[in-house]
Every structure is written in C-alpha cells, then in structure tokens.
2 protein chains.
Amino acid sequence: MKAEFINPFLEALLEVLSTMAMTNAVAGKPSLKDKGMPEAKGDVSGIIGMASEQTKGSLAITFTEAAILDIASKMLCEKIEVLDSEVADMVGEITNMVCGGAKMRLSEKGYKFDLAIPTMVMGKNHVITHKSKGPVVIIPFKIEAGEFFVEISFE
Amino acid sequence: MKAEFINPFLEALLEVLSTMAMTNAVAGKPSLKDKGMPEAKGDVSGIIGMASEQTKGSLAITFTEAAILDIASKMLCEKIEVLDSEVADMVGEITNMVCGGAKMRLSEKGYKFDLAIPTMVMGKNHVITHKSKGPVVIIPFKIEAGEFFVEISFE
C-alpha cells in the first residue's frame with residue numbers, strides 16, 4: 001500500500017477534526033499491523049467498508065473513551081461525559097466524512113471506490129482485526145485528552 | 001428492506017454453518033433494530049461493507065463466546081476453548097462466505113454490489129450499531145451452545 005493511498009485518509013481525518021471539533025490531532029508513525037499482536041485497543045470504533053470492481057478495503061477508527069468524549073464535547077459545544085449511542089453516531093459520522101474526503105481526493109488520482117454503510121462498535125477495550133490479503137496499516141494519533149488509532153487495509 | 005433482499009443472507013448463513021461446521025442454526029423472528037436500544041451483545045463480530053453506485057449496506061454477525069467456540073471447534077475438528085485471533089479470523093471467513101453467497105443469489109435477481117474487506121471485533125459484550133439512513137434488520141439465531149445475531153442494513 002502506497003503512501004499516496006494512505007495520506008488522503010489522514011489529511012481528511014485531520015481536516016474533519018480541525019473543522020468539526022477544533023482539535024489538532026498529531027499523527028504518529030504508521031506501521032504495519034501484525035495480525036497476532038493487535039495493539040489498538042479502544043472503547044468505540046467506527047468501521048467502514050470500501051468496494052469497487054477493482055479494489056476492496058476497510059477503515060477503522062478506534063477511539064479511547066477519553067479521546068472521543070473530548071472530541072464529542074467540542075463538536076457539540078457541551079460537556080459530554082458518557083459514551084452513549086449519540087457519541088457512537090458521531091463516530092460513524094466522523095468515519096463517513098473521513099472516507100468521503102479520501103474518496104474525493106483519491107478519485108482525482110484515478111482510484112475509484114464506493115463507500116458502504118458505517119458500522120460502530122461500543123465496548124470497553126475491544127480490538128479490531130482485518131480479514132485482508134493485503135497489509136494493514138495502523139496509524140496512532142494523539143490529542144491532548146488521549147489517543148486513537150486509524151487502521152486501513154486495501155487489497 | 002424487502003424479505004427477498006434479506007433471505008439470501010440467511011440462506012447463505014445457514015448453508016455455511018451446515019457445510020463448514022455441521023451445525024443447524026435456527027433463525028428467530030427478524031425485527032427492526034431500534035437505535036436507542038441495542039439488543040445484540042456479543043464477544044466477537046464479523047462486519048462487512050457492501051457497496052455499488054446504486055446501493056450501500058453493511059452486515060454484522062455477532063457471536064456470543066459460547067456459540068463461536070462451539071462452531072470453531074466443529075469447523076476445526078478440535079476443542080477450541082479460547083477466543084483468540086484464529087477464531088476471529090474464522091469469523092471473518094464466515095462473514096465473507098455469507099456475503100459472497102448472498103451476493104451471488106442477489107446478483108441473479110439483478111441486485112449488484114461489491115464486497116469490502118471483512119473486519120472483526122473482539123471484546124467482551126460489545127454492541128454494534130449502524131449509521132444507516134435505512135432500517136436495520138436484526139435476526140437472532142440459536143444453536144445448542146448459545147446464540148448469535150445477524151444485523152443487515154441497506155440504503
């Protein structure tokens with residue numbers, strides 16, 4: 001998987017968080033995820049599938065509770081203290097916007113795919129894996145309140 | 001969402017479990033999922049996105065630990081007692097085969113879509129929600145060892 005394929009997702013994510021939540025996230029070093037050693041534990045995730053006749057992929061954004069409560073509070077301009085279905089819905093919206101932004105950027109480079117319906121997972125310390133024949137890239141992000149992870153897989 | 005759209009997924013699921021795990025699952029009554037009241041808690045889920053220019057959807061199969069350990073034991077012909085990454089991988093494979101089977105059946109009826117990469121979630125008592133503008137249908141299944149749930153959403 002090339003950087004020119006991954007970067008549009010990261011650019012879109014930073015833009016969404018900056019625009020919607022006035023939050024500047026800092027991306028860590030991307031690495032390949034080892035199937036046997038899942039590192040990204042989180043409390044709420046947004047997952048979206050991407051598919052076309054030429055390619056298929058999936059993206060997951062996994063937030064720790066501290067990180068998403070801070071982002072949700074900033075997005076809604078009120079203190080959000082409980083990870084409920086409203087927060088999960090917001091995670092789905094963020095996931096959708098990130099992939100929508102990346103889809104637009106990638107379509108300009110000739111990569112075309114359609115987006116599936118985002119799915120959200122709520123559960124303390126869950127771990128995401130991908131059933132991919134290709135590599136899975138994981139990128140850690142930090143904001144002041146905590147951390148979150150983006151995992152991208154494409155075949 | 002019409003029954004003619006849901007049934008191919010259920011038929012494919014029953015066939016996969018019967019062929020691969022010699023397990024006869026019994027489907028309960030499908031119902032519409034209320035966003036505020038997620039009912040299907042599980043310990044491992046397989047999630048897959050479906051997309052085309054005409055439609056988009058997602059499917060999640062959420063297994064309780066007891067149910068998937070029994071299915072995994074039958075699929076591998078050995079006693080599986082721990083929910084590990086191998087079991088998660090198998091859940092991804094089941095999810096893929098169910099949607100692959102449904103895609104084939106639906107394509108004969110003129111519904112076309114492509115499959116994304118399956119994603120798996122591991123975590124005690126997690127809950128799945130869908131960011132769908134359309135209805136989400138949930139179908140409970142029972143096998144002797146426990147229960148599992150299928151959730152389908154299409155727009």
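First the proteins, then the strands, lettered A, B, ... as listed; each starts at 1. Quick note: numbers below take in every heavy atom, side chains included, and nothing from hydrogens, waters or symmetry partners.
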What part of Leu115(B) gets closer than 4.5 Å to chain A, counting heavy atoms only: side chain, backbone, both or neither? backbone
If only atom types and distance count, is the side chain of Lys103(A) paired as donor or acceptor with the main-chain N or O of Phe113(A) below 3.5 Å? yes
Please classify the contact between Glu93(B) and chain A as side chain, backbone, both or neither, with a heavy-atom cut-off of under 4.5 Å. both
With chain A, which of Thr55(B), Asn125(B), Thr95(B), Val121(B) has the greatest number of heavy-atom pairs at distances under 4.5 Å? Val121(B)
Contact leader toward chain B among Gly46(A), Ser52(A), Ala60(A), where contacts are heavy-atom pairs under 4.5 Å: Ser52(A)
Could you check whether any side-chain N or O of Thr23(B) sits under 3.5 Å from a backbone N or O of Ala21(B), counting only pairs where one atom can act as donor and the other as acceptor? yes
For chain B, which candidate among Met120(A), Lys133(A), His126(A) shows the most heavy-atom pairs at distances under 4.5 Å? Met120(A)
Begin from the C-alpha positions of Ile143(A) and Ile71(A) and carry the test side-chain contact (heavy atoms from CB on, under 4.5 Å) through to its verdict. CA-CA 9 Å; Ile143(A) 59 173; Ile71(A) 290 169; 3.8 Å; yes
Under 4.0 Å between a Lys/Arg side-chain N and an Asp/Glu carboxylate O for Lys112(B) and Glu53(A)? no
Looking at chain A, which one of Gly123(B), Ala51(B), Gly49(B) has the largest number of heavy-atom pairs inside 4.5 Å, strictly under? Ala51(B)
One thing to verify: whether Asp114(B) and Lys56(A) come together as a salt bridge, which I'm taking to mean a side-chain N less than 4.0 angstrom from a carboxylate O. no
